Student: 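Once you've had a glance at the structure underneath, I'll fire off some questions.
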Number of protein chains: 2
Amino acid sequence: MAERSAGEGRRERLRRETWRDLRAAALAEVRDVGAAGLSLRSVARRLGMSPAGLYRYVDSREALLTVLIADGYHDLADHLVVALGAGADELRAEERAAPQVPVVAPPDAGTTARLEAVGLAYRAWGVSHPNEFGLLFGDPIPGYAAPEGGVTVEAMRRVGIAFAQPILELHAAGELALHPALGAREIVGQMGPMVDLGASMPAEVAALLLLAWGRLHGQVSLEVFGQHHWLMPDGCEALYRAELARMLVELRAVPEPAT
Amino acid sequence: MAERSAGEGRRERLRRETWRDLRAAALAEVRDVGAAGLSLRSVARRLGMSPAGLYRYVDSREALLTVLIADGYHDLADHLVVALGAGADELRAEERAAPQVPVVAPPDAGTTARLEAVGLAYRAWGVSHPNEFGLLFGDPIPGYAAPEGGVTVEAMRRVGIAFAQPILELHAAGELALHPALGAREIVGQMGPMVDLGASMPAEVAALLLLAWGRLHGQVSLEVFGQHHWLMPDGCEALYRAELARMLVELRAVPEPAT
DNA sequence: CTCACCAGCGAACACCGTTCGCACTTCACC
DNA sequence: GGTGAAGTGCGAACGGTGTTCGCTGGTGAG
């Protein structure tokens, strides 16, 4: 009786819907009990399925976590992209509403403002999604979860690109502080034989990008994982804003004093 | 027949030895399979004990992990203290050999050199103890592992102190760059009602200390947790050294240009 | 209409953390 | 020295977990 539109049979549709529900249930479980506490049986209960039934959709618990990791990177990347003030057309092509981000750079904002917005959005996402943050950036899964050229690296590239975009703009405008003493040659030398940082990404800029990401990540990581909780129980926003401001200053080229 | 020396009965001695072996076995287990994979039954097997027997020494798996976390912080702190070039007398009073640290500042080294040594030791410990690093700085234990004024915070204070020492020296020498724009007042305002940073630790210095720690921690965290593995499979030493050097420069006061 | 396919299920296996009651040793006290 | 309390370890058990296997019954293509 169904209309059979466009070769999408009833079975395929049901399967896709179940698959979507499964991921949503698993994500909810992670939000509730954390990645380490995710239990396939509990996910099955949420879905009203039998535990064995899940294995029609997922190879193992670890595989499910890998899917959630990729989803998590995409969600984070979406938030960063929105904070950049970009149009919603750069979002992931997926059935997902545009995320609500507290600080969004206005479309005509300067490069520095956009970089600041991305930095703030990074912390905001981590603080408001602590278990997902732990899933992405905490202990790797016990048995290892490094799928070679898999779906997760592709997703985390999007996060890197969000950070890279304003930094590349800064570089294009000649406002990025590139010290030759950085030792970019050695750093890039440690990179894999062929890491294709698009053509417009010089090695020094790539190194600066990694350093900037790590610098912000350290603050967020210590805060989200509770390392500062006994010191600052109400969160570390002031600390983070201070570091972000310092970083923005130091990233910009200071005109050399005439010697 | 035993000599019963100094009120230490046979039973207490055996108990202490078993307790030491238990912690060693659990640590070995963590090193092998990671914190998330630690299994009490497996620890019991290593000891040739029954699983139930462990409960004479440990209240639960979580409690054992808490002990390991405290041990881990002490081990890390020991490494940092050694790197500082301090005498072994500042090490933790425990039956433990002084750790071997690759870079040790000579006893008469300048403050900057000692700070650099601590920074390098931090990464060196993380890279060579990835699973313990994950235990300390990865996801908090699913059910939470924040013992209020417990043994772990005391241990992680030692880590903070190791970082603080050279920074305080820098401050005492008037060589620490303290920007009023840092907003130290707000930052310290977010700190708990009474955090006793010893008398010689001004608020601005405390803020700078947290920022410096986080800055280095971010790099180590991303590297140890494998976030950069696809980019730099052979480790990120060059990247880290660059960031450490930049940080050392920026921490030192630049003499104000005469206006 | 037929028949391959496939989602889902129940039962089972091995492993896990944890509890309980029981043997056995050690120690303190009379 | 004898006696009773305290401590140590064990085996069995319970409920939970991830995962596999063989089965049923509906789906969809020829």
Side-chain angles (χ1 to χ4, degrees), chain A residues 1-23 25-26 29-30 32-68 135 141-145, chain B residues 1-23 25-26 29-30 32-68 135 141-145:
Chain A
M1 62 173 72
E3 54 235 74
R4 297 292 316 284
S5 66
E8 161 110 336
R10 164 185 168 82
R11 194 138 85 185
E12 298 174 40
R13 180 172 50 85
L14 284 184
R15 181 172 178 84
R16 267 205 321 142
E17 288 176 5
T18 307
W19 172 231
R20 184 170 37 75
D21 293 349
L22 199 169
R23 273 166 29 188
E29 184 82 358
V30 166
D32 283 356
V33 299
L38 179 130
S39 135
L40 286 187
R41 293 183 114 102
S42 167
V43 173
R45 279 191 293 270
R46 275 184 201 255
L47 294 173
M49 273 178 73
S50 114
L54 291 188
Y55 283 78
R56 296 283 169 200
Y57 295 86
V58 168
D59 281 339
S60 67
R61 190 187 106 110
E62 187 177 333
L64 175 56
L65 280 174
T66 302
V67 171
L68 291 179
L135 174 67
I141 300 179
Y144 233 27
Chain B
M1 60 175 72
E3 54 236 74
R4 294 294 316 282
S5 65
E8 161 111 335
R10 163 185 167 84
R11 193 135 86 184
E12 298 173 38
R13 181 173 47 86
L14 285 183
R15 180 172 181 83
R16 267 207 320 144
E17 288 176 5
T18 307
W19 173 232
R20 185 169 35 76
D21 293 349
L22 199 168
R23 272 165 30 188
E29 184 82 359
V30 166
D32 283 357
V33 299
L38 179 129
S39 133
L40 287 188
R41 293 184 114 102
S42 167
V43 173
R45 279 191 293 269
R46 276 184 200 256
L47 294 172
M49 273 179 72
S50 111
L54 291 188
Y55 282 79
R56 296 285 171 200
Y57 295 86
V58 168
D59 281 339
S60 65
R61 190 187 107 110
E62 186 177 335
L64 176 57
L65 280 173
T66 302
V67 171
L68 292 180
L135 175 67
I141 300 179
Y144 232 28

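Within every chain, numbering begins at 1; the chains are lettered A, B, ... in the order of the sequence lines, protein sequences first and strands thereafter. Note that the structure is predicted; figures quoted are calculated from it, not measured.
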Student: Give me the atom names and distance for the closest heavy-atom approach of Leu64(B) to Ala26(B).
Tutor: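 Closest pair (atom of Leu64(B), atom of Ala26(B), distance): CD2-CB, 3.9 Å.
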Student: Nearest whole Å is fine: how far is dC10(D) P from Leu47(B) CG?
Tutor: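 Rounded to whole Å, this separation is 10 Å.
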Student: In this structure, how many angstroms lie between the P atom of dG9(D) and the CG atom of Asp21(B), rounded?
Tutor: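 After rounding, the gap between these two atoms is 11 Å.
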Student: Expressed as a whole number of angstroms, how long is the span from Leu40(A):CG to dT20(D):C1'?
Tutor: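 Value for this atom pair: 13 Å.
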Student: Mind calculating the distance between CD (Glu29(B)) and P (dG17(C)) to the nearest angstrom?
Tutor: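 For the pair Glu29(B) CD and dG17(C) P, the rounded distance is 9 Å.
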Student: When the distance from CH2 of Trp19(A) to C1' of dC6(C) is rounded to whole Å, what number comes out?
Tutor: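 The answer, rounded to whole Å, is 17 Å.
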Student: At 4.0 Å (heavy atoms only), tell me whether Leu38(A) reaches a base, stays on the sugar-phosphate, or touches nothing.
Tutor: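 Result for Leu38(A) = sugar-phosphate.
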Student: In the structure I gave you, are the side-chain heavy atoms of Arg11(B) and Arg15(B) within less than 4.5 Å of one another anywhere?
Tutor: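 Of all side-chain heavy-atom pairs linking Arg15(B) with Arg11(B), none is under 4.5 Å.
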Student: Could I get the full list of side chain to side chain contact (heavy atoms under 4.5 Å, CB included) partners for Ala25(B), not counting sequence neighbours?
Tutor: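 Only Val43(B), Arg46(B), Leu47(B) meet the side chain to side chain contact (heavy atoms under 4.5 Å, CB included) criterion with Ala25(B).
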Student: Is there a side-chain contact (heavy atoms from CB on, under 4.5 Å) between Trp19(B) and Val67(B) once you walk through the steps?
Tutor: CA-CA 11 Å; Trp19(B) 173 232; Val67(B) 171; 4.1 Å; yes
Student: Show each protein N/O and nucleotides 6-8 of chain D N/O combination with a separation under 3.5 Å, one pair to a line.
Tutor:
from: dG7(D); atom 1: O4'; to: Arg11(B); atom 2: NH2; distance (Å): 3.1
from: dT8(D); atom 1: OP1; to: Arg15(B); atom 2: NH1; distance (Å): 3.3
from: dT8(D); atom 1: OP2; to: Arg15(B); atom 2: NH1; distance (Å): 2.9

Student: In sequence, state the C-alpha distance, the side-chain angles, and the governing distance for Tyr57(A) and Leu54(A), and then conclude on side-chain contact (heavy atoms from CB on, under 4.5 Å).
Tutor: CA-CA 6 Å; Tyr57(A) 295 86; Leu54(A) 291 188; 5.6 Å; no
Student: Arg13(B) and Glu17(B): salt bridge (charged side-chain N to carboxylate O under 4.0 Å, His left out), yes or no, with the steps?
Tutor: CA-CA 6 Å; Arg13(B) 181 173 47 86; Glu17(B) 288 176 5; 3.6 Å; yes
Student: Counting distance only, does the side-chain N/O of Thr66(A) pair as donor-acceptor with the main-chain N or O of Glu62(A) below 3.5 Å?
Tutor: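 Pair found, side chain donor or acceptor close to backbone of Glu62(A).
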Student: Please classify the nucleic acid contact of Ser60(B) as base, sugar-phosphate, or nothing, using heavy-atom distances under 4.0 Å.
Tutor: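 Since only primed, P, OP1 and OP2 atoms lie under 4.0 Å of Ser60(B), the category is sugar-phosphate.
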Student: For nucleotides 11-16 of chain D, give me one character per nucleotide, 5' to 3': B if any protein heavy atom sits under 4.0 Å from the base, S if the only such contacts are to the sugar-phosphate, - if neither.
Tutor: B-B---
Student: Show the nearest heavy-atom pair for residues Glu29(A) and Ser42(A), with the distance to one decimal.
Tutor: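 Shortest heavy-atom separation between Glu29(A) and Ser42(A) comes out as OE2-OG, 2.7 Å.
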Student: Mind calculating the distance between CG (Leu14(B)) and P (dT25(C)) to the nearest angstrom?
Tutor: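 One finds 14 Å between P of dT25(C) and CG of Leu14(B), rounded.
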Student: Check the distance between dT25(C)'s P and Glu12(B)'s CD and give it to me in whole angstrom.
Tutor: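 From Glu12(B) CD to dT25(C) P: 20 Å.
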Student: Counting only N and O atoms by type, is there a donor-acceptor contact under 3.5 Å from the side chain of Arg61(A) to the main-chain atoms of Leu38(A)?
Tutor: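 Yes: the side chain of Arg61(A) pairs with the backbone of Leu38(A).
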Student: Rounded off to whole Å, could you give me the CE-to-P distance for the Met49(A) and dG8(C) pair?
Tutor: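 Going from Met49(A) (CE) to dG8(C) (P), I get 5 Å.
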